[in-house]
Student: 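Got a structure for you, questions after.
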Amino acid sequence: MKQRLFILSQYLLPHHLLSRLIGYVAECRIGWLKNPLISWFAKQYQVDMSEAQVEDLRAFEHFNAFFTRALKEGARPLDETAGAILCPADGAISQLGAIEHGRIFQAKGHSFSAVELLGGDTERAAPFMGGQFATVYLSPKDYHRVHMPLGGTLKEMVYVPGRLFSVNQTTAENVPELFARNERVVCLFDTERGPMAVVLVGAMIVASVETVWAGLVTPPKRELKSTRYDAESRGPIELAKGAEMGHFKLGSTAIVLFGPEQMKWAEELSAGSAVRMGQALGHALD
């Protein structure tokens with residue numbers, strides 16, 4: 001019954017209004033509000049501040065600065081194995097595997113369309129048909145910056161409007177097409193292993209998504225918007241393997257896509273596996 005009520009509330013709550021209100025609180029610089037909030041959160045979720053560049057909880061200008069905190073040099077060493085494809089974020093594997101018949105596995109009994117995930121354009125999704133996907137869920141305690149699995153050249157960024165359902169295991173198992181329904185930012189790169197997509201999926205109370213090249217992704221209208229970064233438009237942007245590409249303000253999910261016969265996921269990883277940014281998520285095929 002409790003689970004049913006939770007899922008029902010996900011459909012009834014005003015997702016965007018609630019997220020905006022929490023976003024305002026998360027940007028508040030008033031000490032008597034932000035300091036207790038940060039301290040409570042760090043204690044409640046057992047956040048390891050010994051890894052952070054700034055360990056003093058009172059030193060952050062607002063909650064979002066704490067939430068998107070940088071880590072100390074070397075806190076996340078990158079796997080240097082030849083052909084390693086890096087995990088983009090701290091968190092846990094929600095699912096990973098093959099994209100079959102244009103569908104991506106979500107949870108038992110549920111999958112979603114790769115075309116819809118990438119904004120509804122079949123041409124944009126075509127290079128990933130028959131390829132591989134990995135979905136990484138970032139929990140509240142995790143480091144919330146997202147990094148490049150491989151070095152690549154940014155070709156296109158697509159803002160896709162949508163709902164803001166929670167993205168925990170309960171909603172994954174009960175909300176059809178969850179990740180193709182939520183608001184998201186699709187980042188498409190050319191890499192040494194062909195096209196790569198990194199999709200930053202929003203969720204309930206996620207105030208915003210930022211990228212290192214565009215800053216806060218906030219289109220004036222909640223409608224699909226594609227931005228090209230080729231030579232004819234803004235010019236390509238190159239990011240090295242392991243480089244930061246963006247972050248969530250109040251966390252969510254990152255989905256990585258590759259084309260067919262380019263790579264394979266690490267055999268020791270499966271749904272539920274804990275992961276850290278920089279470890280080998282998979283390896284390039286010969």
Student: Mark yes when over 12 heavy atoms from residues, nucleotides or ligands other than Gln44 sit less than 6.0 Å from its CD; otherwise mark no.
Tutor: yes
Student: Taking all non-hydrogen atoms of both residues into account, name the closest pair between Ala92 and Val275 and its distance.
Tutor: N-CG2, 4.0 Å
Student: Dump the intermediate steps for salt bridge (Lys or Arg N to Asp or Glu O under 4.0 Å) on Glu116 and Arg181, then the final yes or no.
Tutor: CA-CA 8 Å; Glu116 292 305 313; Arg181 297 175 72 169; over 6 Å; no
Student: Would you check if the side chain of Trp265 reaches a backbone N or O of Phe133 as a donor-acceptor pair within less than 3.5 Å?
Tutor: yes
Student: Is Pro161 close to Leu224 at the side-chain level, that is, under 4.5 Å between some pair of heavy atoms?
Tutor: yes
Student: Any carboxylate oxygen within less than 4.0 angstrom of a Lys/Arg side-chain nitrogen, looking at Arg69 and Glu55?
Tutor: no
Student: Looking at Gln279 and Arg276, would you say the former's side chain and the latter's main chain have a donor-acceptor pair under 3.5 Å?
Tutor: yes
Student: Lys141 side chain to Ala42 main-chain N or O, any donor-acceptor pair under 3.5 Å?
Tutor: no
Student: On a heavy-atom basis, which atom in Val136 and which in Ala89 lie closest, and how many Å separate them?
Tutor: CG1-O, 4.1 Å
Student: Look at atom NZ of Lys72 and say whether more than 12 heavy atoms of other residues, nucleotides or ligands are closer to it than 6.0 Å.
Tutor: yes
Student: Any donor-acceptor pair under 3.5 Å linking the side chain of His147 with the backbone of Gly242?
Tutor: yes
Student: So how far is it from Ile255 CD1 to Gln106 CD, rounded to the nearest 0.5 Å?
Tutor: 8.5 Å
Student: Any non-hydrogen side-chain atom of Val217 less than 4.5 Å from a side-chain atom of Thr211?
Tutor: yes
Student: Measuring centre to centre across the rings, with the benzene-like ring taken for any Trp, is Phe248 within less than 6.0 Å of His144?
Tutor: no
Student: For a quick test of reading the model, state the closest non-hydrogen atom pair linking Met49 to Val54 and the distance between them.
Tutor: CE-O, 3.4 Å
Student: Does the side chain to side chain contact (heavy atoms under 4.5 Å, CB included) test come out yes or no for Ile237 and Thr153, once each step is laid out?
Tutor: CA-CA 6 Å; Ile237 293 173; Thr153 302; over 6 Å; no
Student: Going only through I, L, V, M, F, W and Y residues with side-chain contacts under 4.5 Å, is there a path from Met196 to Val212?
Tutor: yes
Student: In sequence, state the C-alpha distance, the side-chain angles, and the governing distance for Arg193 and Leu150, and then conclude on side chain to side chain contact (heavy atoms under 4.5 Å, CB included).
Tutor: CA-CA 9 Å; Arg193 304 309 304 183; Leu150 281 180; 3.6 Å; yes
Student: Are the ring centres of Phe258 and Phe128 closer than 6.0 Å?
Tutor: no
Student: Could you pull out the closest heavy-atom pair between Ala271 and Ser94, with the gap in Å?
Tutor: CB-O, 3.3 Å
Student: To the nearest 0.5 Å, how far apart are CZ in Arg103 and CG in Leu117?
Tutor: 11.0 Å
Student: Same cluster or not: Leu188 versus Leu86, using hydrophobic residues (I, L, V, M, F, W, Y) connected whenever any side-chain heavy atoms lie under 4.5 Å apart?
Tutor: no
Student: I'd like to check Val256 versus Pro88 (side-chain heavy atoms, cut-off strictly below 4.5 Å). Are they in contact?
Tutor: yes
Student: With a cut-off of 6.0 Å (strictly less than), are more than 12 heavy atoms of other residues, nucleotides or ligands near CZ of Arg58?
Tutor: no
Student: Do Met148 and Glu244 touch side chain to side chain, with heavy atoms closer than 4.5 Å?
Tutor: no
Student: Would a single hydrophobic cluster contain both Val198 and Tyr143, if residues Ile, Leu, Val, Met, Phe, Trp and Tyr are joined by side-chain heavy-atom contacts under 4.5 Å?
Tutor: no
Student: Under 3.5 Å, is there a donor-acceptor pair linking the side chains of Glu223 and Tyr159?
Tutor: no
Student: Determine the minimum heavy-atom distance between Ala214 and Met157, stating which atoms define it.
Tutor: CB-CE, 3.9 Å
Student: Kindly indicate whether the side chain of Leu239, heavy atoms from C-beta on, has any atom under 4.5 Å from the side chain of Phe189.
Tutor: yes
Student: Are Met129 and Leu96 co-members of a hydrophobic cluster defined by side-chain heavy atoms under 4.5 Å apart?
Tutor: no
Student: Kindly give the heavy-atom pair with the smallest separation between Ala197 and Leu118, and that separation in Å.
Tutor: CB-CD2, 4.3 Å
Student: Does Val158 reach the side chain of Arg124, with side-chain heavy atoms less than 4.5 Å apart?
Tutor: yes
Student: Check the angle between the aromatic planes of Phe63 and Phe41 and answer parallel, tilted or perpendicular using the 30° and 60° thresholds.
Tutor: perpendicular
Student: Determine, for Lys34 against Glu61, whether the closest basic-nitrogen to carboxylate-oxygen distance falls under 4.0 angstrom.
Tutor: no
Student: Treat each ILVMFWY residue as a node, draw an edge where side-chain heavy atoms are under 4.5 Å apart, and state whether Val115 and Val160 are in one component.
Tutor: no
Student: List the steps and the verdict of side chain to side chain donor-acceptor pair (under 3.5 Å) for Ser273 and Glu268.
Tutor: CA-CA 9 Å; Ser273 295; Glu268 67 271 19; over 6 Å; no
Student: At what distance, to the nearest 0.5 angstrom, does NE2 of His101 lie from OG of Ser113?
Tutor: 13.5 Å
Student: Would you please say whether a donor-acceptor pair under 3.5 Å links the side chains of Glu156 and Ser226?
Tutor: yes
Student: Can any side-chain N or O of Arg184 pair as donor or acceptor with the backbone N or O of Leu200 at less than 3.5 Å?
Tutor: no
Student: Assess whether side chain to side chain contact (heavy atoms under 4.5 Å, CB included) is satisfied between Asp79 and Ile85, documenting all intermediate values.
Tutor: CA-CA 8 Å; Asp79 190 301; Ile85 293 170; over 6 Å; no
Student: If you measure from OG1 on Thr135 to CG on Leu257, what distance do you get to the nearest 0.5 Å?
Tutor: 8.0 Å
Student: Going from SG on Cys187 to NZ on Lys155, what distance comes out if it is rounded to the nearest 0.5 angstrom?
Tutor: 14.5 Å
Student: Taking Asp142's backbone N and O only, do any of them form a donor-acceptor pair with Asp90's side chain (distance below 3.5 Å, no angle check)?
Tutor: no
Student: Between atom CD of Gln95 and atom CZ of Phe179, what is the distance when rounded to the nearest 0.5 Å?
Tutor: 9.0 Å
Student: Hey, mind stepping through Trp213 and Tyr229 against side chain to side chain contact (heavy atoms under 4.5 Å, CB included) and telling me if it holds?
Tutor: CA-CA 10 Å; Trp213 58 85; Tyr229 289 88; 3.3 Å; yes
Student: For Arg145 and Thr68, indicate whether the former's side chain and the latter's backbone hold a donor-acceptor pair under 3.5 Å.
Tutor: yes
